Amino acid sequence: MDVMGDKATLFGTGRFVRSADRLVDRPAEQSADMSAHRLAHQFADHSADSSVDPSDQAVEQAVERDEAGEAAEEARQRLAAEAGDVQAMSVLGAMLLRRGDLDGAEPQLRAATAAGDRAAANNLGVLLHQRGYAEEAAGWWRIAAVAGSAAAAHALGRHHRERGDEPAAEYWLRQAAEQGHVLGAYALADLLEHRGDDGAEQWMRAAAERGHREAAYRLARTLDRRALSERKAGADNGVEPSALEEAEQWYRQAAARGHRRAALHLGAILERRGELKEAGRWYLTSAKDGEARAACALGFLLRDTGDTESAAVWWLRAAQEGDGNAANALGALHAERGETQTAERWYRAAMDAGDVNGAYNLALLCAEQGRTAQAEQWYRRAAYAGHREAANALAILLLQGGDATGAEPWFSKAAEAGSVDAAFNLGILYAGRGEDDTALGWYERAAAAGHTEAALQVGIARLRQGDERTAERHLRCAAGGGSAEAAYRLAMLLDARRPPAPAHELGEPSHEKSECEEWYERAASQGHRRAQVRVGMLAAARGDVVEAARWYREAAEGGSRNGAFNLGLLLAREGSEPEAALWWTRAADAGHGRAALRLALVYARQGELAEGQRWADRAVSLGPAEVAERAARLRDALREELSA
């Protein structure tokens, strides 16, 4: 069963925008904006990809030491702030804000801001934003940004973008980015990318180079899409490293920082390159972090190694998380085991997940079980959703039911959507109506996409038209694709062009085989009876009696009357006339006039005149004209002899 549950192409959809909140600033005197980076984990939506194991005693002790140290630092800063130290007020306010003590932080930050501390102004803006006073927060961010705070400029840019003021947002985000602020560079890149500005990649790269994992992932996606476009266009700009190689580097950086979708795409690149072990490791990492597509891809990887049980475990996990491709794979697995009810359940789950392949696979399952009406229903559902192979299958079903009028539009829809089989089927449909030119057009379309039988039909049509060059090209394509008929017709075409070979007596050494003989032999080895006869004739012409007999016998046993006749001739020359008569009888019974004439002569020589006359009569009726004429003379002579 041809099941559409195979591996999905791993190209992501959409853009992931990280909604990082404003970051707390540290006083300028203590490495300005440092607390912004520390608090990024609290206010930005970084996913919690790594967690502390509570059972790890060493980690617990380290945390306790950090907490004790922070408490001591807070007490020291509080004493200094109470003594009027502006810097201490700012630091203490930042510490309390980070801890979530807004009531305790606000007076400290306001006091430090009033004394001109820019970090305190930024952090006061953060606090007010958390309280819901966005406009007042923006006012303090503006003060801090004008004073040179990159974190405040970033926060102010985010504020303006949320309100739809993109020019102001770009201005302040650019201020932050140009000061080296990582989140500012990322936010600016996101804004520019949203507008389709070419400068987006520069700032996305700047953020990625400073360790921003989402920026690294999005830069990798951009490069990956560019590499795909270049592959489709066949472009090669000669730049090293290539876009795909650079994309891989950024996927690695993002994946190493715990980005699960980056790990998924990195696994896909490695799998395409054949590095399956490493690909599996990244799929596993991504799947464990909850990426359903990675779990599905890991399942296919395991299936390809023969471990279907483990594959089913990961497909189940992905399917339960809503991955339609995994549900289809589970359906196919159960269908192969004969568990059709379970297979149907998973195909329905795939449909519920929005995967149109589920309807197509369900239709295939119903068709195999002879549930034609239900198969048509599911084919229609998939076809209406744009599934081209379902449209082709629906058309075939309608055609088999005698509804050629209903089948044609579905063949056309499938063919226009890119179904090669549908294009070929349209050719058959039009050829059956006698519309040869239209049929040829569809055959040519299918042949251009690599359809073997379509290429054969084009070759035959072009031969009829006398266009041997075009015919040869298509016959070669079809023969190379495995068509025995194409190989035979190509051999005939080449055979007609070559000069006559010198005659050989049986038993003489053979000469080197020509190209046409090689094509005859390829067709013969695929069971083509006429090719087998022709190979036998060529072998006989070379003097290779054993080879000739082998091919004649194979053709004769396959039902070829010419093979049986020629085998009889070969055996008669070798002195085995009784066995030859057996093969001539088989050929004559199949309608071979020359074989009937040979039998008439054999029986006449043996004195069995009545039997000879019977076979002569048969030869007259079978022909061709030359044979009928000779058989008639023999019959008349035998009749006279019998009546004498």
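Remember, predicted model here, so these are calculated numbers, not experimental data. Sequence positions, counted from 1, serve as the residue numbers for this chain.
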Practice problem: Starting from the C-alpha separation in whole Å, work towards a yes-or-no answer on side chain to side chain contact (heavy atoms under 4.5 Å, CB included) for Leu365 and Thr340. | Solution: CA-CA 8 Å; Leu365 192 66; Thr340 55; 4.2 Å; yes

Practice problem: Report the C-alpha distance between Glu73 and Gln77 in whole Å, list the side-chain angles of each, state the deciding distance to 0.1 Å, and finish with yes or no for side chain to side chain donor-acceptor pair (under 3.5 Å). | Solution: CA-CA 6 Å; Glu73 175 65 14; Gln77 295 293 346; 2.6 Å; yes

Practice problem: Please step through side chain to side chain contact (heavy atoms under 4.5 Å, CB included) for the pair Glu248 and Leu266, ending with a clear verdict. | Solution: CA-CA 6 Å; Glu248 181 181 343; Leu266 178 58; 3.7 Å; yes

Exercise. Quick one: do Leu362 and Met351 satisfy side chain to side chain contact (heavy atoms under 4.5 Å, CB included)? Show the steps, please.
Key: CA-CA 9 Å; Leu362 188 53; Met351 285 192 294; 3.8 Å; yes

Quiz item: What do the steps show when you test Arg381 against Tyr360 for side chain to side chain donor-acceptor pair (under 3.5 Å), and what is the final call?
Solution: CA-CA 8 Å; Arg381 176 165 175 172; Tyr360 176 63; over 6 Å; no

Exercise. Applying side chain to side chain contact (heavy atoms under 4.5 Å, CB included), run through Ser419 and Glu389 and close with a yes or a no.
Key: CA-CA 7 Å; Ser419 171; Glu389 297 308 326; 3.4 Å; yes

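Looking at Ser90, its side chain never comes within 3.5 Å of a backbone N or O of Gln87 through a donor-acceptor pair. Here the side chain of Gln108 pairs no donor or acceptor atom with the backbone of Gly104 at under 3.5 angstrom. Formation of a donor-acceptor pair under 3.5 Å by the Trp410 side chain with backbone atoms of Asn392 is not found in this model. Of the possible polar contacts, none joining the Ser149 side chain to the Ala144 backbone as a donor-acceptor pair under 3.5 Å is found. With hydrogens and angles ignored, the 3.5 Å screen pairs no side-chain donor or acceptor of Glu170 with any backbone N or O of Pro167.
Within the model, atoms CG of Leu173 and CH2 of Trp203 stand 10.5 Å from one another, a figure rounded to the nearest 0.5 Å. Taken to the nearest 0.5 Å, the CZ atom of Arg293 stands 9.0 Å off from the CZ atom of Arg260. Summarising the geometry, atom NE2 belonging to His387 is positioned 4.0 Å from atom CG belonging to Asn357; distances are rounded to the nearest 0.5 Å.
Between His159 and Trp172 the shortest side-chain heavy-atom distance does not fall below 4.5 Å. When side chains are defined from C-beta on, Glu275 counts as touching Glu278, because their heavy atoms get closer than 4.5 Å. Proximity of Glu166 to His194: side-chain heavy atoms (C-beta onward) are separated by under 4.5 Å at one or more points. Counting heavy atoms from C-beta outward, Trp315 and Cys296 have side chains that approach closer than 4.5 Å. Taking the side chain as every heavy atom from C-beta outward, Trp282 and Leu264 never approach each other to under 4.5 Å. Side-chain contact between Trp140 and Leu127: absent, with no pair of heavy atoms (C-beta onward) separated by less than 4.5 Å. Using a 4.5 Å cut-off on side-chain heavy atoms (C-beta onward), His334 and Arg337 make contact. A heavy-atom distance below 4.5 Å is found between the side chains of Leu316 and Trp346.
Ion pairing between Glu271 and Lys277 fails under the 4.0 Å rule for side-chain N and carboxylate O. The residues Asp323 and Arg317 are annotated as not salt-bridged, no charged nitrogen and carboxylate oxygen being separated by less than 4.0 angstrom. A salt bridge does not link Arg225 with Glu201: every distance from a Lys NZ or Arg NE/NH1/NH2 to an Asp or Glu carboxylate oxygen is 4.0 Å or more. A salt bridge does not link Arg345 to Glu339: none of the charged side-chain nitrogens sits closer than 4.0 Å to a carboxylate oxygen. The pair Glu74-Arg78 counts as a salt bridge, with a side-chain nitrogen and a carboxylate oxygen less than 4.0 angstrom apart. Arg205 has no carboxylate O lying under 4.0 Å from a charged side-chain N of Glu209, or vice versa, which leaves the two without a salt bridge. Between Arg163 and Glu135, at least one side-chain nitrogen of the basic residue sits less than 4.0 Å from a carboxylate oxygen of the acidic one, meeting the salt-bridge criterion. Between Glu214 and Arg221 there is no salt bridge, since none of the side-chain N atoms of the basic residue sits less than 4.0 Å from a carboxylate O of the acidic one.
Among residue pairs with one or both ends in residues 145-155, none qualify as salt bridge (charged side-chain N to carboxylate O under 4.0 Å, His left out); sequence neighbours excluded.
Residues forming a salt bridge (Lys or Arg N to Asp or Glu O under 4.0 Å) with Arg388 (at least two apart in sequence, or on another chain): none. Residues satisfying the salt bridge (Lys or Arg N to Asp or Glu O under 4.0 Å) test with Asp103, not counting sequence neighbours, are Arg131.
For the pair His154 and Ala176, the tightest heavy-atom approach, listed with the atom from each and the gap, is N-CB, 3.6 Å.
Ring-plane geometry between His451 and Phe424 is classed as parallel, the angle between the planes falling under 30 degrees on a 0 to 90 degree scale with a further cut at 60. Ring orientation note: the planes of Trp141 and His129 are tilted relative to one another, at an angle of 30° to 60°. The aromatic rings of Tyr251 and Tyr217 lie tilted to each other, with the angle between the two planes from 30° to 60°.
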